[in-house]
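Everything on this sheet refers to the single structure shown next.
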Amino acid sequence: MSTLYDQAMEEMIMTIHEWFDEQEKRDDLESVTKRTTLQMGIFNDILLDYRPGRTTVDSVDLGLDDGLKSKQAGLFTEEQVRTEIQPKLVEVVQVKLDELANTPLIDYRFTFRGKFPTTEGKLQLTLLDYVNEEKRQQLLERIHTYIEKKLEHGTYPTKPLESFFVTRHLLDPKLFPELDVAWTIRQYDRIQELNKGRQDTLAEHRGDIIRAVTAWVENQFLPQYYEVQSSAYSAAEYTLKSDAVMESDDKADSVQHSSENKSGERGAQPMDLLLYAAVMILRFEPSYSKPKGLTFLELAKQLGSSRASRMMTEGSGTYAKEDIRVKTEQVECKANDVFALMTIHIRKEEAGAYQQALAFITHLLKQGFPKSYKIKLKSGVKQYLPIKGLAKSDTHRFFANALEYPELHPLLEEYAREAIQEFEFYEDTEGEKNCMPGSYATFGLGLADARYFPLVEYYMGKVDDEHQLIQDKFTSAFAETHGVTASSIPVLVASLRRSTDSLKLKIQPELENDEVLELLIQQIQGLPDYEVERILYPIFGKMEKLVTLARKASGRRKELLLKLLQAAGK
């Protein structure tokens, strides 16, 4: 056993030294930490994964063996790992930290973790939790300076890299052991306010905020009250701990664990941050992330939060009451952003009712209401678009009904341009009927009037063709309605650029006209070869068929077909 023990120790120590030696050879140490004052070092965590003969040390835990039972039991007991192996490994790492602590390689804190196969099963533990107090104090000073100058008194947009670090630092218990949630939320809101004029970067800043608060919720807050069963393949499962104590939040949302000091010092703040995380996810994350936001609300409700209960029935409270509830003689509208639901009751089937409902929807979307919403409609009319394959949903029916009033078409275009958002989908569609917000209005307008062809082109430029197929259904209906003309060809090309292999567009007879074929060639000139081939496939099938047509043709016709092939790189 002693020989095996010595071999194991030698392998682990050698692997640790190899990792540190490799990092010290990096030529970007200085440049990485000079990008922002908010980064003290590159690495704050490493994991030793001991597997005899193939031990690794990395700053990332890939978790490849999580949930798998080891086929071979380890040689050492858990007690041996903790009492004999751990102290020796810690000594090795501590020596390296003493050498490198003040270099850009090591952050103000450094955690050394380990995975070991033991006779009792796989053991995972934190071997060393190191803090460089000098660096910690320096970082705290930099954080407060940044907040004072850039956030509290700043007037210019901030940098995404700064948000990446500051959003996480504010929830780091080693930096802020007494978490002031209200103050922290103010900083997050200020970051959004300063960057609201730049939508692309604003999304990046919000993403950093959401990732930071989500990590805090999942790793710090919820484990105090719930047993958490994590999985790489499904959502985490939460089971309330037997010793968790819930309290009424008539005065303020609050919950305390029985082992905590019950002085009320924490008050409502931790729950507020949980609810803040839920609202941020529900308002700004893509559709597939929304279940996590709803889970956070449900867990807060289980912990006794009456505010969470109200949010689930009335919404997050983000919007003014007059914006989420409208009642007139013609229509009644209500909205709940938590469930991304708009309830619309058409009391009088006339243009005025749909006009008011459209204004209600568009106004909310402009204020940031989730674009992946759905409509619950109460109406005596059941109109649908003349396009096969669309979901027969209330959302679809509402817009089809509204499209029956030509005087509302400008309002429908305004709505569509506000609603269209890549990677978002109506909540009441899925699978093959997945549908980007704005689809029904855009499709209906595109079929109704050439004035809205530019809207269709704009829509197609935003389509996520990996998760949506219904553009094929519209393209077929569009070709049948408008044919192939000088005005319709740009729309057809834009639509075909987002088509799937299942689309078969029966417009070859119209392309027998050389003038029409030449218009198509003009539209595809300059596009990449693969896009041209994608456009031509629904029309001609495989390129071999087009080659055959060109070989059999003559004169002007042959010249045009060869140009098509040339544009496709054939």
Side-chain angles (χ1 to χ4, degrees), residues 199-201 203-204 286 416-417 420-425 432 434-439 442-443 446 450 452-479 482-553 556-570:
Q199 288 301 313
D200 290 342
T201 54
E204 190 173 351
R417 289 191 179 274
I420 291 168
Q421 181 70 53
E422 190 176 12
F423 308 127
E424 297 283 356
F425 302 95
E432 292 186 356
N434 251 7
C435 195
M436 181 167 67
S439 293
T442 299
F443 291 174
Y452 300 105
F453 285 2
L455 171 63
V456 178
E457 293 184 59
Y458 173 74
Y459 171 92
M460 291 298 174
K462 300 290 185 179
V463 165
D464 173 14
D465 49 30
E466 291 186 6
H467 300 98
Q468 178 178 304
L469 307 175
I470 62 164
Q471 63 272 18
D472 288 356
K473 310 297 184 183
F474 167 77
T475 304
S476 295
F478 181 87
H482 295 291
V484 187
T485 65
S487 61
S488 70
I489 281 181
V491 179
L492 284 170
V493 168
S495 302
L496 288 167
R497 290 177 72 180
R498 292 293 181 266
S499 66
T500 71
D501 291 342
S502 63
L503 176 62
K504 299 293 183 286
L505 202 58
K506 300 176 182 179
I507 60 173
Q508 274 199 59
E510 294 179 74
L511 293 176
E512 293 294 330
N513 183 319
D514 288 351
E515 292 183 1
V516 174
L517 183 59
E518 190 162 11
L519 288 172
L520 175 62
I521 293 170
Q522 291 173 3
Q523 283 295 313
I524 64 176
Q525 289 293 334
L527 294 178
D529 296 352
Y530 69 91
E531 282 211 23
V532 173
E533 189 167 350
R534 182 176 187 174
I535 291 165
L536 298 180
Y537 180 80
I539 303 171
F540 298 99
K542 294 182 179 179
M543 288 297 100
E544 289 81 356
K545 293 183 179 180
L546 188 55
V547 170
T548 301
L549 288 175
R551 187 169 60 246
K552 292 180 179 179
R556 176 66 174 157
R557 183 71 181 172
K558 186 180 188 73
E559 180 185 339
L560 292 173
L561 291 173
L562 288 173
K563 281 188 176 181
L564 273 184
L565 288 168
Q566 184 180 9
K570 304 299 180 182

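Only a predicted model underlies this, so the values are computations on that prediction, with no experimental measurement involved.
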Point-to-point distance, once rounded to the nearest 0.5 Å, from CD of E512 to CG of L549: 8.0 Å
From OH (Y537) to CG (L503), nearest 0.5 Å: 10.0 Å
Exercise: identify the closest heavy-atom pair between V456 and S495: CG1-OG, 4.4 Å
Specify the closest pair of heavy atoms between L517 and L511, including all atoms of both residues, with the distance to one decimal. CB-O, 3.7 Å
Does atom NZ (K504) have a neighbourhood of more than 12 heavy atoms from anything else shown, all under 6.0 Å? yes
Going by the side-chain contact (heavy atoms from CB on, under 4.5 Å) test, name the single residue among V491, T485, I489 that passes it with S487. T485
Kindly compute the distance separating CG (D465) from CD (E422), expressed to the nearest 0.5 Å. 9.0 Å
Does Q566 have more than 12 heavy atoms from other residues, nucleotides or ligands lying within 6.0 Å of its CD? no
Min side-chain heavy-atom separation T442-K462 under 4.5 Å: no
What pair of heavy atoms forms the shortest contact from L505 to A479, and how long is it? CD1-CB, 3.9 Å
Could you tell me how the ring of F474 sits relative to the ring of F443: parallel (under 30°), tilted (30 to 60°) or perpendicular (over 60°)? parallel
Would you mind reporting whether I420 and P437 have side-chain heavy atoms less than 4.5 Å apart? no
Within this structure, what is the CG-OG distance for the pair D472 and S502, rounded to the nearest 0.5 Å? 4.5 Å
Compare every heavy atom of M436 with every heavy atom of Q468, then report the nearest pair and how far apart it is. OE1-N, 2.8 Å
In this structure, which one of K563, R556, R557 forms a salt bridge (Lys or Arg N to Asp or Glu O under 4.0 Å) with E518? R556
Are the side chains of L455 and Y459 in touch, meaning some heavy atoms are under 4.5 Å apart? no
Tell me whether E432 at atom CD has more than 12 heavy atoms from other residues, nucleotides or ligands lying less than 6.0 Å away. no
Is the shortest side-chain heavy-atom distance between L496 and R534 below 4.5 Å? no
pair L520-V484: side-chain heavy atoms closer than 4.5 Å: no
So, K558 side chain and A550 main chain: donor-acceptor pair closer than 3.5 Å or not? yes
Quick one: closest heavy-atom pair of P454 and A450, and the distance? CD-O, 4.1 Å
Tell me, do L561 and L564 make a side-chain contact under 4.5 Å, heavy atoms counted? yes
Is any side-chain heavy atom of M543 closer than 4.5 Å to a side-chain heavy atom of E533? yes
According to the ring-ring contact (aromatic ring centres under 6.0 Å, His included) rule, which pairs have a member within residues 482-521, sequence neighbours left out? F453-H482, F478-H482
Is there a donor-acceptor contact under 3.5 Å from the side chain of Q523 to the main chain of V493? no
From SG (C435) to CD (Q471), nearest 0.5 Å: 10.0 Å
Polar side-chain atom of Q525 near backbone of A567 as donor-acceptor pair, under 3.5 Å: no
Note, T475 side chain near S499 side chain (heavy atom, < 4.5 Å): no
Interatomic spacing from CZ in R497 to CD1 in I535 - rounded to 0.5 Å: 6.0 Å
